[in-house]
Amino acid sequence: MAANKTLDPSTCTSAPEAFKYPLPQVRQFHRSLTVELDEKNARLRTLVGGSYRQLLGTAETILQMREDIGHVEEKLGRVGKGCGRGVVGGKASGLARLAVGGRAGKRGEDMAWAARVKVLEMCAVVAGKLLRKGGSSDSGDKSAKGKNLVLAAKVLVLSRLLAKNMGDAPEKSPEDQAPVEELKKKFMTLRRKLSTAIRKTVEKVNGDREDLIQALSAHSLVTNSGAKDIIKHFLRIRGEAMTLAFDEEEQKLDNPGVLRALELYTRTLLDVQALVPRRLSEALASLKTKPLLKDESVRKLEGLRLDVCEKWFGDDILFFTPYIRHDDLEGSQTVEMLKGWAKRASEVMLDGLAKSLSQMTEFKTVVTIRTRILEIWIKEGGKAKGFDPSILLDGLRKAINDCMVSLVESRVSKLHLVATEIEGTLGVWREGITDHQESLWESSLLEMEISNGASLFKQNVLARTHGRSDAVSRVFRGYQTWRHLVDEISVVISQLRTQRWDDDLEDIEDDLSVESRNTLLSTEDPKMLQEHLDSSLEEAYQLLNEKISALLTTYEESGQIGQISVYLLRVIRDIRTELPSNISLQSFGIPLVKPLHERLASEVSAKALQAFTRTCTRKKVSGRALWEGTPELPVQPSPGTFKLLHSLALAMARVGGDLWSPTAVAVLKRSLREAVAVKWAEALKAKAEINGAKNDEELSESQETGDGRKSAEVENAEEKNKDVLIQALFDILLLQSAFNIPDTQADEFVKLGESLEGKTGLDAAARKRVSGAAKEYWKRTALLFGLLA
């Protein structure tokens, strides 16, 4: 039993008694004692800490009570002193004297004057505070600013009554009147400030309409204006604000004056229709329901101290009630006034819009303003009753479209700067400098920086490949800048076509009107602009074409006409590579290309043809020993013919390989065929005359000697002449292959070959061999002559 019994601290009170039990029970007993001891220590610490904090709180309370008791004793002491017998007696005697004097007599007048002067001074202070306070209000009332304006107006009306009442007191000395006069000047300043605050409130288009009503009520109080005069004043302020919106100082790129003017216009129409006839009349009528000094808002102004000083006011002030005509405006008068104002305001707005747009040079900016104007008008313009929104919309469209058309024509006409650049270059042309073209293989190109994608290196390679010298590059860069401006117009016109004007879900409109509006703004206007752009482009390119043609005629007799032709060809080619997509513009420069190609051909072939003339007059065949076959016939051209082809190829490469389009090569070959045919025909004719005269002489000599046989010299001469003709036939056939043009009719060059075939005396087989040999030679060697092939 002792082994299984658990020790209880409440029954086991001594150590000897605990050690009577086995060791495990003793250890368990020790652990339980330790845990219980820790718990009691924790409770003790908590209890002591709480008691200490409570003690500190009690001490602080005792100190505060001691301080409060001191204040109470001090105040009770002052009260005791004030309730002394002597003090109470003095006050009683003073009150008695005051009651005896009353409000009558000079003393009463002085006190009344002092009270009115004091209130007048405080009116200035209170009105100034109300005007400075503006819209700030702790109550969170959105119309607090308007209420402050009305309250300031009431204070100023009270000051006007007091000043008038005090001004009617002639018995007062100038010294007494001086403060009143100073206050009158101050009140004039305050009235101007109030008028300025009212104007600013009226000019706001995004403000609360309740503030607007309160501002107009304040103006009515200050000026004693009725409803009719108030509306006139309101319309006048809004009209002046619209005019000021277009002043240069007010213009901003992000918010131009026309947007503010349009907002003022639309908001004014809606405000007038919302105010008249009910809301404005009710607001004005509420101003005269009770006397001014009975108004709770005025009496709550502690600075005026009306509870003390009002007893010194006369009845004309105490019972003054504002007299305002709130019912002097009929509905028909309102409509007439509003329509008259709308007509004048729309004229001002359209004139200001045209003036503002005339100062803009960016087409995209005008389009952005157009979008914002139309958004405002479509959203607000149709809400006013009795006004057709399409009338002003047409006026806005006309002003904006006129500006855009003017910008389109102005930008497109800038193409004349390209012609001016060409004219300037030709005017200062210096051979070897202006037409200098850097080679593709110059060391300067190889030393060029190739970082960042080698863009500069690639541009120079392209420029040199296409023969763009500095003179050509200046023109081309100017043209590219102009094209960028024109492309920007085209992009913007495309954007106009995609705009839609039916996104205002709050405004339920007829589907027909929405579709009609979209047709006007997104179809007809872009179409009109595109037509003007196309016609302007056509006119500008036509003028450029005529200018280049006139310059070409001017420098026709110049010694540098060849290089000038090369320059103009490259300019026309570069311009044609970036022509607009208009079909009517695709023929630009084409009438000039043929005469320029002819001058280019003349420049390139002049020296080569001059050297070739000697070949046509040769008397023997160089390389006769190289003839092959039976009978022997030539298989290669004469040195002069080869040199002609070689010189032409070099000259063509020298002026630039970029010039030799198939059309240019065809013009060159046609020119060469004509020139070679003429020169060779003249040479053959001269040679025939010489040979004919020589044969006649030899024939007469043989007749005189009676010898019918030809001498060996004559036979030798005839043989050489035949060889020359055969070689000439080969050369002509070779040149026919070299200068071959597709779809060529039988020209003088072909006829020359046919006449030579008859003069050579060769049979058909021999002629066929010569023709085949010439064609085969050209086939083998054509690539040697590069661009000519």
Side-chain angles (χ1 to χ4, degrees), residues 39-103 105-141 144-145 147-148 151-152 154-155 158-159 162 179 182-183 186 190 293-313 318:
E39 290 178 355
K40 289 181 178 181
N41 285 336
R43 285 199 300 270
L44 181 60
R45 283 194 297 271
T46 302
L47 180 62
V48 171
S51 300
Y52 182 71
R53 284 191 293 273
Q54 186 177 4
L55 178 63
L56 292 177
T58 303
E60 291 177 357
T61 303
I62 292 171
L63 293 176
Q64 183 64 38
M65 290 173 63
R66 178 181 295 178
E67 183 178 356
D68 293 342
I69 289 171
H71 289 316
V72 170
E73 289 178 349
E74 181 182 356
K75 291 180 179 180
L76 289 176
R78 289 201 302 269
V79 170
K81 291 179 181 179
C83 295
R85 181 176 179 180
V87 176
V88 174
K91 290 182 179 181
S93 61
L95 182 60
R97 289 195 300 272
L98 181 62
V100 171
R103 299 183 185 180
K106 188 175 184 307
R107 183 177 180 82
E109 292 178 359
D110 291 341
M111 293 186 67
W113 179 267
R116 282 179 286 181
V117 170
K118 184 65 175 178
V119 174
L120 195 61
E121 291 176 352
M122 293 311 298
C123 282
V125 175
V126 171
K129 287 182 178 180
L130 290 172
L131 292 177
R132 285 193 299 271
K133 188 183 298 184
S136 62
S137 176
D138 296 334
S139 62
D141 190 356
K145 183 175 183 179
K147 292 180 178 179
N148 287 335
L151 193 52
K154 291 179 179 179
V155 173
L158 177 59
S159 68
L162 289 172
E182 291 295 328
L183 288 172
K186 193 170 184 179
L190 289 173
L293 292 183
K294 300 299 181 182
D295 192 327
E296 291 298 327
S297 61
V298 177
R299 300 193 66 82
K300 287 181 180 179
L301 296 173
E302 296 182 359
L304 298 181
R305 299 300 300 272
L306 294 178
D307 54 341
V308 175
C309 299
E310 67 177 349
K311 61 186 177 182
W312 303 103
F313 297 166
L318 287 173

Distance in Å, Q64 CD paired with I69 CD1, rounded so as to fall on 0.5 Å steps: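 Q64 CD to I69 CD1: 10.5 Å, rounded to 0.5 Å.
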Would you compute the distance between atom CG of L55 and atom CD of E60 and round it to the nearest 0.5 angstrom?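 CD of E60 is found 10.5 Å from CG of L55.
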Would you find a donor on one side and an acceptor on the other, under 3.5 Å apart, between the side chain of R299 and the backbone of L293?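 Yes, because the side chain of R299 sits within donor-acceptor range (under 3.5 Å) of the backbone of L293.
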Tell me which one of L190, L151, N148 satisfies side chain to side chain contact (heavy atoms under 4.5 Å, CB included) with L131.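 The residue from L190, L151, N148 that satisfies side chain to side chain contact (heavy atoms under 4.5 Å, CB included) with L131 turns out to be L190.
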Which is it for E74 and R78 under the salt bridge (Lys or Arg N to Asp or Glu O under 4.0 Å) test, yes or no, and what are the steps along the way? CA-CA 6 Å; E74 181 182 356; R78 289 201 302 269; 3.3 Å; yes
So for atom CZ, which belongs to R66, do other residues, nucleotides or ligands contribute more than 12 heavy atoms lying within a distance under 6.0 Å?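 No.
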Can you list, pair by pair, the side-chain donor-acceptor contacts under 3.5 Å of residues 40-53, counting residues two or more places apart and other chains?
| from | atom 1 | to | atom 2 | distance (Å) |
| --- | --- | --- | --- | --- |
| K40 | NZ | E36 | OE2 | 3.4 |
| N41 | ND2 | L37 | O | 3.4 |
| T46 | OG1 | A42 | O | 3.0 |
| S51 | OG | L47 | O | 2.9 |

Which pair of heavy atoms, one from L120 and one from S159, lies closest together, and at what distance?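 Closest approach of L120 to S159, heavy atoms only: CD1-O, 3.5 Å.
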If you define the side chain from C-beta out and look only at heavy atoms, does anything of L301 sit under 4.5 Å from V155?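 A side-chain contact under 4.5 Å exists here.
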